[in-house]
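Every chain is numbered from 1, with letters handed out A, B, ... down the list of sequences.
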Amino acid sequence: MHAYRSHNCAALRAENVGESVRLSGWVHRKRDHGGVLFVDLRDHYGITQMVADEDSPALPVLEGLKLESVVTIDGDVKARDAEAVNPNLPTGDIEVFARSVSVQSRAEELPLPVAGEQEYPEDIRIKYRYIDLRRETMHRNIMLRSQVITSLRRRMTEQGFTEFQTPILAASSPEGARDFLVPSRMHPGTFYALPQAPQMFKQLLMVAGFDKYFQIAPCFRDEDLRADRSLEFYQLDFEMSFVTQEDVFNALEPVLAGCFEEFSGGKSVTPAGEFPRIPYKEAMLKYGTDKPDLRNPILISDVSRHFEKSGFGIFEKIVGSGGVVRAIPAPGTNEKSRKFFDEMNSWAQGEGFSGLGYVTRKQGEFGGPIAKNHTPERMQEIYDELGLGENDGLFFAAGKESLAAKLAGAARTRVAEQLELIEQDCFKFCWIVDFPMFEYDEDLKKIDFSHNPFSMPQGEMEALESKDPLDILAWQYDIVCNGYELSSGAIRNHRPDIMYKAFEIAGYSKEDVDTNFSGMIEAFKLGAPPHGGSAPGIDRIVMLLADEPNIREVIAFPMNQKGEDLMMGAPTPVSMKQLRELHIRTVEPPKSA
RNA sequence: GCGGGUGUAGCUCAGUUGGUUAGAGUAUCGGCCUGUCACGCCGAGGGUCGCGGGUUCGAGUCCCGUCACUCGCGCCA
């Protein structure tokens, strides 16, 4: 017989009754009745009940073990009496009578229990992650992650994509997020950068003629964390040659829709080929964000026109000075108290906005100061235009367009949450398309790239030469699911002349481009195919599929919100010897007074 | 950097208007228990109420500061 097990802890059934077996696992729970002791033995696969009584030498050994000790038990499979069958356990028809036990590892008292699904403080969970990962939900999440990655990989391969590896020690690039730097021992004073994404490498693989690339790519960005953001994360990074935006969409939609259908547990998924496409500008208007949650039925409208002349002076003033008024319907709020509306306003102020106006409507009767000053008749015009009914309230976000849109978007989400309008049990995908190529940077008082500088502008060179830069759109697209940005992608700019021109508009010289992007610009001068791709975030995909509120629940060994690994202690100081070898001297920041 | 929330036993939590010696469940330890499956029963140990300061006759409770964790803003290919 095998040294540790003849079966795993989920294997035994009624047909095994009478067999002599050997099982190994963790002591999940114990029920000690004095003369008879039950042990739930757990391994990766499941749980089997072990039983020992006074006839068995295993009894005193098992009695003395703390939970989570690891044991190997020799015993006999016995059928349970009809009334003792446990229908909640796949192995519940049988139990194993323990003849002997050998203790593989004696556990001390645990910092957090494994059995049960109680919530525990996250810092303790992360510090003792190997314990936390034994728990059913975490164990399942990590297995789901593996299965999702396997599925994505298979779907990509079946579409003719080839998996590549690209360097982890790469060159720092001035664009985008802050880099993680790695000092070079061999070249004093110089640094590698961990890739924020394998962006240039995958484009160079296209230049190299590989046609369809993908990778489960680790990415590193030294920015502050969020529930859906980690310092290190993984993307399904892919790139294709000789493609239009349409081809990229057709490649990715079946992969994502198929993967979500496979693991969604019956939740509905936007079918491949039917992902709505929403221009960026429309998204900012109707949803107040470039990552709209389409499960939320509320649509924002611009009602600035109605307030050009209004008894409600604040809005008239805002519109008169170039601002906008956006309306967020709150359907069926006739029964809602004034408190509901006032609390929305104080919430908006708490978020740093000047405030959120509102109109109430109860059985056709308008209420609130805006309706009174603007007059009910003209309010009715707005309601007619928006198609609102006689019991629908309306919130107003007013101000500079970018701020008003942002407030309206946040209010749209909050109203839907408060009114429980967000559709459950579904994954709604959409593309956000037609991102602007450039935007005006208020701080630097100059035009800059709004997203990826390597995207091809729509209209190519002609657009760059003839249009107002702020009107130029890019072949740049995001994929969004339930309000989470899953990926960003683009048809790339593979033409050096267009590249130089685009950078020129953003205020960079030919020399700047040649210096900072020498590898890529050189490559593009030596025969580059048109190409494009995208890179869905794998952690976020698994988070959505696992129905978890944050990304750490689907990462085996996550960092906390301050980027610390509480289990291994990273980041740590290093020895003087190590620093000397790297030609590095540290300077502590001054203690602020 | 900024704002919100949380912080009481190993873990999950309660703790009234500021008032006696800070409680419960669970875990741990001891005892009992031969059919449980969150076994049950009896008992015990276990506390810098995050930390520091203040107000008060008296602070877990009120005030100020600070730390930790977390959510968001800024930031983010």
Exercise for the section: Find out whether A:Gln49 and A:Val96 are in side-chain contact, i.e. whether some heavy atom of one side chain is under 4.5 Å from a heavy atom of the other. Expected result: no
Handout entry: From CA spacing to verdict: side-chain contact (heavy atoms from CB on, under 4.5 Å), A:Ile126, A:Phe557
Key = CA-CA 7 Å; A:Ile126 293 178; A:Phe557 299 107; over 6 Å; no
Practice task
Please state the P separation for the pair B:rA44 and B:rG25 - nearest whole angstrom.
Solution key: 12 Å
Handout entry: Any A:Arg31 side-chain N or O less than 4.0 Å from OP1/OP2 of B:rU36
Key = no
Handout entry: For RNA chain B, the residues among residues 562-573 of chain A that have a non-hydrogen atom under 4.0 Å from it
Key = A:Lys562, A:Glu564
Problem - Distance, C1' atom - from B:rG40 to B:rG47, rounded to whole angstrom - result: 29 Å
Problem - Between B:rG15 and B:rG23 - C1' atom distance, rounded Å - result: 7 Å
Problem - Distance, C1' atom - from B:rA77 to B:rG60, rounded to whole angstrom - result: 49 Å
Exercise for the section: Ignoring hydrogens and angles, answer whether the base of B:rC69 and the side-chain atoms of A:Arg125 contain a donor-acceptor pair closer than 3.5 Å. Expected result: no
Exercise for the section: Tell me whether the OP1 or OP2 atom of B:rC39 has a side-chain N or O from A:Arg29 closer than 4.0 Å. Expected result: yes
Set out, line by line, the N/O atom pairs under 3.5 Å between protein and nucleotides 11-15 of chain B.
from, atom 1, to, atom 2, distance (Å)
B:rU12, OP1, A:Pro121, N, 3.3
B:rU12, O2', A:Gln118, NE2, 2.7

Practice task
Could you measure between the two C1' atoms, the one in B:rU16 and the one in B:rU20, and give it in whole Å?
Solution key: 16 Å
Handout entry: Charged tip of A:Lys78 within 45° of A:Phe97 ring normal and under 6.0 Å
Key = yes
Completion exercise
A:Glu109 CD to B:rU26 P, in whole Å, measures 15 Å
Handout entry: A:Ser354 side chain to A:Gln349 side chain, donor-acceptor N/O pair below 3.5 angstrom
Key = no
Problem - Short side-chain donor-acceptor distance under 3.5 Å, A:Asp237 and A:Tyr213 - result: yes
Exercise for the section: Indicate whether A:His33 forms a stack on B:rC39; treat it as stacked only if centroid distance is below 5.5 angstrom and interplanar angle below 30 degrees. Expected result: yes
Exercise for the section: Assign a letter to each nucleotide of nucleotides 71-77 of chain B from its 5' end: B, base within under 4.0 Å of a protein heavy atom; S, sugar-phosphate only; -, no contact. Expected result: BSBBBBB
Practice task
Could you work out the separation of B:rA9 and B:rA14 based on their P atoms and round it to a whole Å?
Solution key: 12 Å
Interface polar pairs with nucleotides 29-32 of chain B, N/O, under 3.5 angstrom:
from, atom 1, to, atom 2, distance (Å)
B:rC29, OP1, A:Lys66, NZ, 2.7

Practice task
I would like to know whether A:Met240 and A:Phe161 meet side-chain contact (heavy atoms from CB on, under 4.5 Å); could you show each step before the answer?
Solution key: CA-CA 9 Å; A:Met240 316 161 71; A:Phe161 284 87; 3.6 Å; yes
Problem - Ring geometry between A:Phe454 and A:Phe503 (parallel below 30°, tilted from 30 to 60°, perpendicular above 60°) - result: tilted
Fill in the blank from the handout: Between A:Leu133 and A:Ala556 the two heavy atoms that sit nearest each other are CD1-O, 3.7 Å
Handout entry: A:Phe38 atom CZ, neighbour heavy-atom count above 12 within 6.0 Å
Key = yes
Problem - CD1 on A:Ile555 to CZ on A:Arg129, rounded to 0.5 Å - result: 8.5 Å
Practice task
Find the runs of at least 3 consecutive base pairs, i with j, i+1 with j-1 and so on, that include RNA chain B, using Watson-Crick or G-U wobble geometry with both distances under 3.5 Å.
Solution key: B:1-7 with B:67-73, B:10-13 with B:23-26, B:28-32 with B:40-44, B:50-54 with B:62-66
Fill in the blank from the handout: Checking B:rC69, B:rC37, B:rC33 against the side chain of A:Asp123 (C-beta onward), the nearest is B:rC69
Handout entry: Atom pair distance, as rounded to whole Å: CD in A:Glu63 and C1' in B:rU28
Key = 16 Å
Handout entry: Qualifying residues under side-chain contact (heavy atoms from CB on, under 4.5 Å), relative to A:Lys446, sequence neighbours excluded
Key = A:Leu444, A:Asp448, A:Tyr508
Problem - Short side-chain donor-acceptor distance under 3.5 Å, A:Gln476 and A:Ser488 - result: yes
Practice task
Provide, to the nearest angstrom, the distance between the CD atom belonging to A:Glu95 and the P atom belonging to B:rU34.
Solution key: 17 Å
Problem - Euclidean distance, atom NZ of residue A:Lys30 to atom P of B:rU26 [Å, nearest integer] - result: 16 Å
Problem - Atom pair distance, as rounded to whole Å: CZ in A:Phe38 and P in B:rG40 - result: 14 Å
Problem - A:Leu65 CG - B:rU28 P separation (whole Å) - result: 12 Å
Practice task
Considering only atom C1', compute the distance from B:rG58 to B:rG1 and round it to an integer number of Å.
Solution key: 41 Å
Exercise for the section: State whether a side-chain donor-acceptor pair under 3.5 Å links A:Asn560 with A:Glu122. Expected result: no
Handout entry: Pairwise side-chain contact, A:Glu136 with A:Glu117, heavy-atom cut-off 4.5 Å (strictly under)
Key = yes
Handout entry: Whether A:Phe275 and A:Trp431 hold their rings parallel, tilted or perpendicular, with breakpoints at 30° and 60°
Key = tilted
Fill in the blank from the handout: A:Pro111 and A:Ile124 have their tightest heavy-atom pair at O-CG2, 4.4 Å
Problem - Length of the line joining A:Ile126:CD1 and B:rC69:P, which is rounded to integer Å - result: 10 Å
Problem - Span that lies between the P atom of B:rG65 and that of B:rC2, in whole angstrom - result: 13 Å
Practice task
Please name the pair of heavy atoms, one in A:Ala193 and one in A:Leu181, separated by the smallest distance, quoted to 0.1 Å.
Solution key: CB-CD2, 4.0 Å
Problem - Pairwise side-chain contact, A:Lys291 with A:Ile432, heavy-atom cut-off 4.5 Å (strictly under) - result: no
